[in-house]
Amino acid sequence: VQTIQVNLASASYPVYLGTGLLAEASLWQTHLGRGQVLVVSNERVAPLYLQALRAGLAGREAAVHILPDGEQYKTMATWSGIIDQLVGMQARRDTTLIALGGGVVGDISGFAAACYMRGIRFLQAPTTLLAQVDASVGGKTGINHAQGKNLIGAFHQPAAVVIDTGTLATLAEREINAGLAEVVKYGAIMDAGLFAWLESSATAIREREAPALLHLVHQSVANKAAIVAQDEKEGGVRALLNFGHSFGHALETVTGYRRYLHGEAVAIGMVVASRLSEQRGLCPGGTAARLCGLMRQFDLPLALPQSVTSEAMTAAMELDKKGLASGQRLILLEEIGRAVIDDSSSHGHIVAAIESCR
Ligand SMILES: NC(=O)c1ccc[n+]([C@@H]2O[C@H](COP(=O)([O-])OP(=O)(O)OC[C@H]3O[C@@H](n4cnc5c(N)ncnc54)[C@H](O)[C@@H]3O)[C@@H](O)[C@H]2O)c1
């Protein structure tokens with residue numbers, strides 16, 4: 001078992017990594033607390049991994065709440081169902097909630113744990129690559145509103161994260177590749193060594209060799225932990241994690257959240273952002289090409305579809321700004337491994353970068 005400690009002002013917790021960890025009783029025992037246990041999973045993940053988790057809980061009684069599968073269920077109604085179950089089982093403040101699943105299960109469960117009695121103990125057992133390298137670490141929880149993604153939520157840090165990379169064996173290839181986009185992101189914004197390792201290990205990664213997967217999850221979590229430790233609530237450097245996301249979110253919005261997985265939209269967003277960085281003279285020529293070369297190995301989309309106009313993209317970006325009064329805040333690259341927060345790109349710069357990515 002490898003352990004990465006996330007050290008925050010408000011809390012400090014371990015992220016455990018390895019294969020077969022769901023069934024590792026010693027880990028769960030350490031973090032369960034005394035009260036009742038509720039496992040939240042979904043109809044796809046539970047048949048695959050609930051049994052292994054039960055083995056890890058080693059006879060400890062646990063209630064189970066199964067959600068329907070899909071981002072469209074990341075809603076108030078689904079969240080309410082978890083709260084209803086907690087009330088129904090007369091759960092007290094010493095209850096532990098365990099999320100077993102991808103980012104959707106983790107985000108909804110975490111938000112239920114944040115709200116029930118103003119906060120109960122929460123453990124994450126992420127089962128998608130995206131959730132393992134990103135969503136399960138850092139304490140962002142929440143649900144969608146009909147008018148926008150993740151509009152309702154809270155910061156609620158887990159007491160521990162148990163990453164069983166063995167669960168990736170059943171994950172669809174497209175989901176793996178989408179998760180890899182976020183790994184490429186860590187390399188691009190802050191870890192040139194990781195980026196170069198991804199380039200030289202692409203074949204091993206594509207073949208899902210266990211040591212390669214373990215290494216990339218480890219490096220991703222370590223990078224995310226380092227950023228979150230500096231800036232828990234996104235007042236500063238945590239914004240660097242949004243590299244590619246302003247363009248990516250806009251693309252997801254414009255295409256109605258149906259065409260692209262989040263990681264795929266982020267991949268295209270990173271291409272646009274790196275082109276913009278080049279066009280503004282912030283980073284050396286060839287940076288975008290290098291990023292594309294790596295992401296091509298993971299079958300990620302790299303170009304914007306003709307049907308998506310730059311007007312539609314910039315309008316969606318305007319709405320996505322989250323309270324920034326004027327101008328567009330973007331994350332741009334100075335080189336592979338170093339990113340900056342940029343407030344000085346004009347509408348014209350942005351349109352030119354979008355148009356260069358057809
Ligand atoms: N909290 C954060 O910091 C944060 C960060 C990034 C993304 N997110 C959120 O995460 C969500 C996306 O997460 P995701 O990509 O994990 O999607 P997801 O949770 O929908 O999982 C993708 C699909 O894989 C299935 N699945 C999960 N584990 C599996 C396994 N081991 N084998 C086979 N199938 C499996 C799921 O049931 C689902 O059908 C979004 O809602 C996004 O907003 C949150």
Side-chain angles (χ1 to χ4, degrees), residues 44 69-72 74 101-107 126-136 140 144 148-150 168 170-189 194-195 198-199 202 205-206 208 213 216-217 220 224 241-276 287-310 312-314 316-317 320 330-331 333 339 350 353-358:
R44 182 174 176 92
D69 185 13
E71 176 80 28
Q72 69 270 35
K74 195 174 143 180
V104 170
V105 169
D107 276 13
T127 62
T128 63
L129 185 59
L130 182 101
Q132 295 183 353
V133 301
D134 185 1
S136 65
K140 284 191 181 177
N144 300 329
K149 215 168 121 77
N150 296 331
L168 300 177
T170 53
L171 195 61
E173 190 165 312
R174 192 174 166 201
E175 296 283 351
I176 293 269
N177 290 337
L180 286 170
E182 298 285 355
V183 182
V184 170
K185 178 192 77 180
Y186 293 117
I189 63 168
L194 172 61
F195 196 96
L198 289 166
E199 290 177 319
I205 295 165
R206 276 207 312 269
R208 301 205 202 182
L213 293 181
L216 67 85
V217 175
S220 299
K224 179 137 188 199
L241 296 173
N242 297 331
F243 176 55
H245 284 59
S246 297
F247 295 108
H249 283 158
L251 182 58
E252 285 183 279
T253 305
V254 171
T255 53
Y257 292 94
R258 280 183 300 268
R259 179 162 178 172
Y260 297 104
L261 295 176
H262 175 67
E264 294 171 339
V266 168
I268 296 172
M270 289 193 290
V271 177
V272 182
S274 58
R275 286 265 160 74
L276 177 56
T287 305
R290 192 174 163 204
L291 194 63
C292 287
L294 176 56
M295 295 200 292
R296 196 170 288 123
Q297 306 262 357
F298 303 136
D299 288 329
L300 286 162
L302 304 171
L304 280 162
Q306 290 297 346
S307 58
V308 173
T309 64
S310 52
M313 284 287 288
T314 51
M317 286 171 74
D320 189 45
L330 293 168
I331 308 305
L333 291 186
I350 291 171
I354 290 172
E355 288 306 328
S356 71
C357 292
R358 304 272 175 205

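As the structure is a prediction and not an experimental result, all values here were calculated from the model.
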*Applying the side chain to side chain contact (heavy atoms under 4.5 Å, CB included) test to Met270, which of Val266, Val272, Ile268 qualifies?*
Val266
*Do Lys185 and Leu241 come within less than 4.5 Å of each other through their side chains, counting heavy atoms only?*
yes
*Any idea which heavy atoms bring Ala188 and Phe195 closest together, and the distance?*
N-CD1, 3.9 Å
*Are the side chains of Thr127 and Val105 in touch, meaning some heavy atoms are under 4.5 Å apart?*
no
_Restricting to non-hydrogen atoms, name the atom on Ala135 and the atom on Gly103 that form the minimum distance, rounded to 0.1 Å._
CB-CA, 4.2 Å
*Kindly compute the distance separating CD (Gln297) from CG (Asn177), expressed to the nearest 0.5 Å.*
11.0 Å
*asked:* Regarding Glu264 and Arg259, does a basic nitrogen lie under 4.0 Å from an acidic carboxylate oxygen?
replied: no
*Over 12 foreign heavy atoms within 6.0 Å of CD, Glu355*: yes
*Ile331 side, atom CD1; Phe247 side, atom CZ - distance, nearest 0.5 Å*: 11.0 Å
*asked:* I need the minimum non-hydrogen distance between Arg358 and Ser310, along with the two atoms involved.
replied: NH2-N, 3.6 Å
_Would you compute the distance between atom CG of Leu216 and atom CD of Glu182 and round it to the nearest 0.5 angstrom?_
12.5 Å
*Minimum heavy-atom separation for Ala316 to Thr253, with atom names?*
CB-CB, 4.4 Å
_Quick check for you: to the nearest 0.5 Å, what is the distance between Leu333 atom CG and Arg275 atom CZ?_
12.5 Å
*Measure the spacing between CZ of Arg206 and CG of Leu180 and express it to the nearest 0.5 Å.*
10.5 Å
*Where is the tightest heavy-atom contact between Leu168 and Ile176, given as atom of each residue plus distance?*
O-CD1, 4.0 Å
*Any donor-acceptor pair under 3.5 Å from Asn150 side chain to Asn144 backbone*: no
*Can you name the closest pair of heavy atoms from Cys357 and Val271 and give their distance?*
SG-CG1, 4.0 Å
_Distance-only side-chain donor-acceptor flag, His245 / Glu252, under 3.5 Å_ = no
*asked:* For a 4.5 angstrom cut-off between non-hydrogen side-chain atoms, does His249 reach His262?
replied: yes
*Taking atom CG of Asp69 and atom CZ of Arg44, what is their separation to the nearest 0.5 Å?*
6.5 Å
_Checking the side chain of Ser220 only, and the main-chain atoms of Val183 only, is there a donor and an acceptor separated by less than 3.5 Å?_
no
